[in-house]
Amino acid sequence: MREVDERQKERKCLSEELAAQGIRDKMVLESICTVPRHMFVSPELADYAYYDAPLSIGQGQTISQPFIVALMLEAMLPSRADRVLEIGTGSGYAAAVLSHLVHRVYTIERHAELAKEAYARFASLQYDNITVRVGDGTKGWLEESPFDGIIVAAAGPTIPKSLKEQLAVGGRLVIPIGEEGQQKLMRVYRSSSEEFLEETLCHVRFVPLIGEEGWAEKMRS
Ligand code: SAM
């Protein structure tokens, strides 16, 4: 019980830290306050889970820094009835935070082992509005499209055409674009079936998006 209270206190501090850094969306901050990030990392890293930092999750990948998760979710302008696609499940943490904000989350991970671990976490924590799939997320999830929002947790060379096509009219896609060291977080708004408005939000640092509409696997790890 003491541990539960302690972790709750740590989550509240983290959420206050994110608010001080400029995150304004109250629902996003509340969700950060609710999701037990320490259960999305290995037990040895649990004590670091409420630092605002990325942590290793195996397969050469990381659970994103909480500030970046909050920034991307806020930028996607989530709304209760939304169906949202996430590319890059990783630990499942961002999908869990998102699941408190929207109706349904679809998430794709290219590493089968990470997807399996995330699935087990969703089941044990009873996140029953999240569906996970293993595959190349650059091609989206055609059978479940269109999506009101799409969040990409890895940086591609360009905005994948398939993801733009799978956005609903009025939908928002948030994606880091560019080479290591020169990545920009972009938001794409689909204003009509033909029109997409693109804006650059800030500089960021992400692992590469590997796939048919991303970077080639043999060039990158
Ligand atoms: N959202 C995750 C979390 O909360 O733990 C962090 C994601 S991590 C920064 C980026 C993830 O994107 C990695 O797990 C990586 O394997 C995955 N990834 C890279 N390219 C991908 C692709 N084409 N399709 C699906 N996942 C991909």
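Residues take their numbers from the sequence shown, with the count starting at 1. As a basis for the values below, the full set of heavy atoms in this structure was taken, side chains included, without hydrogen atoms, waters or symmetry mates. All of these numbers come straight from a predicted model, not from anything done at the bench. Whatever order the structure lists them in is the order used to number ligands and atoms, beginning at 1.
When heavy-atom distances to ligand 1 are checked against a 4.0 Å cut-off, Pro208 comes that close only through its backbone atoms N, CA, C and O. Contact annotation for Val207 and ligand 1: only side-chain heavy atoms (C-beta onward) come within less than 4.0 Å of the ligand. Within the 4.0 Å heavy-atom criterion, the part of His111 lying near ligand 1 is the side chain and not the backbone. The side chain of Glu86, and not its backbone, has at least one atom closer than 4.0 Å to an atom of ligand 1 (non-hydrogen atoms only; side chain from C-beta on).
At least one heavy atom of Gly135 sits less than 4.0 Å from an atom of ligand 1. Not a single heavy atom of Gly214 sits closer than 4.0 Å to an atom of ligand 1. Under a 4.0 Å heavy-atom criterion, Val97 is not in contact with ligand 1.
For the pair Arg133 and Glu144, the salt-bridge criterion is not met [side-chain N within less than 4.0 Å of a carboxylate O]. A salt bridge links Glu165 with Lys161; the closest basic N to acidic carboxylate O contact falls under 4.0 Å. Contact check on Arg104 versus Asp128 returns no salt bridge, with no Lys/Arg side-chain nitrogen under 4.0 Å from an Asp/Glu carboxylate oxygen. A salt bridge does not link Lys164 with Glu213: every distance from a Lys NZ or Arg NE/NH1/NH2 to an Asp or Glu carboxylate oxygen is 4.0 Å or more.
With hydrogens and angles disregarded, a donor-acceptor distance shorter than 3.5 Å links the side chain of Asp148 to the backbone of Arg83. Remark: side-chain polar atoms of Asp136 are paired, donor with acceptor, to backbone N or O of Glu212 under 3.5 angstrom. Without hydrogens or angle criteria, Arg11 side chain to Cys33 main chain gives a donor-acceptor distance under 3.5 Å. Without hydrogens or angle criteria, Ser192 side chain to Glu195 main chain gives a donor-acceptor distance under 3.5 Å. The main-chain N or O of Leu142 is found under 3.5 Å from a side-chain atom of Ser145 such that the two form a donor-acceptor pair. Using a distance-only test at 3.5 Å, with no hydrogens or angles considered, a donor-acceptor pair links the side chain of Gln166 to the main chain of Trp141.
Not one N or O of Ile57 is nearer than 3.5 Å to an N or O of ligand 1, by distance alone. At least one N/O-N/O distance between Ala94 and ligand 1 falls below 3.5 Å. Looking at Ala154 next to ligand 1, no N or O pair under 3.5 Å apart turns up.
When side chains are defined from C-beta on, Tyr48 does not count as touching Val41, because their heavy atoms never get closer than 4.5 Å. Residues Tyr93 and Ile57 form no side-chain contact, since every pair of their non-hydrogen atoms from C-beta on lies 4.5 Å or further apart. No side-chain heavy atom of Tyr50 sits less than 4.5 Å from a side-chain heavy atom of Ser15.
Interatomic distance, CG of Leu163 versus CD1 of Ile87, reported as 5.5 Å (0.5 Å rounding).
Numbered from 1 in the order shown, with element, the atoms of ligand 1 that lie under 4.0 Å from a heavy atom of Thr138 read 23 (N). Short contacts between ligand 1 and Ser91, defined as distances under 4.0 Å to a heavy atom of the residue, involve ligand atoms 3 (C), 4 (O), 5 (O). Every atom of ligand 1 with a heavy atom of Leu209 under 4.0 Å away is listed here by number and element: 20 (N), 21 (C), 22 (C), 23 (N). When each atom of ligand 1 is checked for a heavy atom of Ile63 under 4.0 Å away, the hits are 5 (O). Within the listing of ligand 1, atoms 4 (O) sit less than 4.0 angstrom from a heavy atom of Tyr93. Close contacts of ligand 1 with Leu114, meaning ligand atoms under 4.0 Å from a residue heavy atom, involve 14 (O). When each atom of ligand 1 is checked for a heavy atom of Ile87 under 4.0 Å away, the hits are 24 (N), 25 (C). Counting the atoms of ligand 1 from 1 in the order shown, those under 4.0 Å from a heavy atom of Ser64 are 6 (C), 9 (C).
Side-chain atoms of Arg121 and Ser91 include no donor-acceptor pair closer than 3.5 Å.
Summary of contacts: the protein heavy atom closest to atom 24 (N) of ligand 1 is Gly137 N, 2.8 Å. Distance from atom 10 (C) of ligand 1 to its nearest protein heavy atom, with residue and atom name: Ala153 O, 3.3 Å. Closest protein heavy atom to atom 7 (C) of ligand 1: Gly88 O, 3.4 Å. Closest to atom 21 (C) of ligand 1, if we only count protein heavy atoms, is Arg110 CD, 3.4 Å. With respect to atom 2 (C) of ligand 1, the closest heavy atom belonging to the protein is Thr89 O, 3.2 Å. Scanning the protein for heavy atoms near atom 22 (C) of ligand 1, the closest one is Ile210 O, 3.5 Å. Ranking the protein heavy atoms by distance from atom 8 (S) of ligand 1 puts Thr62 O, 3.2 Å first. Considering only non-hydrogen protein atoms, atom 14 (O) of ligand 1 sits nearest to Glu109 OE1, 2.7 Å.
The heavy atom nearest to atom 13 (C) of ligand 1, out of those in Arg37, Glu217, Gln61, is found in Gln61.
By the 30° and 60° cut-offs, the orientation of the rings of Phe122 relative to Phe40 is tilted.
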